[in-house]
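Notes follow once the structure below has been shown.
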Amino acid sequence: MPGCKHLLLSEAQIQELTRTRDQHPKPHLRTKAAALLKVWQADSIRHVARTGLLKPVCAETICEWIKRYQRQGLDGWHIQPGRGRKPVFSPSA
């Protein structure tokens with residue numbers, strides 16, 4: 001996991017992540033914000049991945065969340081259009 005050992009956040013980012021963790025309507029964004037805040041508080045990525053969230057995730061996944069947040073902010077965490085399983089049957093066809 002090179003490149004995501006330490007997470008440095010500004011005061012504005014800490015407030016943004018705290019607000020997202022506590023109040024955002026989408027659970028996947030609340031989970032990602034909680035993970036980043038725990039890593040920022042000097043918890044190891046592996047520990048957060050194994051026991052720090054409601055369900056265990058891969059440490060590489062948290063590392064990817066960190067990289068996307070550093071590049072794009074919260075917008076990098078939104079699910080992109082076209083992702084997911086495609087419908088087998090479409091009534092318009």
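Worth knowing before you read on, the calculation uses all heavy atoms, side chains too, and leaves out hydrogens, waters and symmetry mates. All values derive from a computational prediction rather than experimental measurement. Quick note: residue numbers are just sequence positions, from 1.
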Would you say the side-chain atoms of [X] pair up with the backbone N or O of [Y], donor to acceptor, closer than 3.5 Å?
X   : Y   : value
R30 : H24 : yes
K86 : G84 : yes
K32 : W65 : no
T51 : H47 : yes
R68 : G76 : yes

Heavy-atom distance under 4.5 Å between the side chains of [X] and [Y], does that happen here?
X   : Y   : answer
R19 : D22 : no
I66 : I45 : yes
H78 : L29 : yes
W77 : L36 : yes
I79 : H28 : yes
I62 : V39 : yes

Gap between atom [atom2] of [Y] and atom [atom1] of [X] - 0.5 Å precision:
X   : Y   : atom1 : atom2 : result
E16 : E11 : CD    : CD    : 12.5 Å
Q70 : L8  : CD    : CG    : 8.0 Å
I14 : L37 : CD1   : CG    : 7.5 Å
R46 : C58 : CZ    : SG    : 11.0 Å
L7  : Q13 : CG    : CD    : 8.0 Å
S44 : R50 : OG    : CZ    : 6.5 Å

Distance only, no hydrogens: is a donor on one side chain within 3.5 Å (strictly under) of an acceptor on the other, for E64 and Y69? no
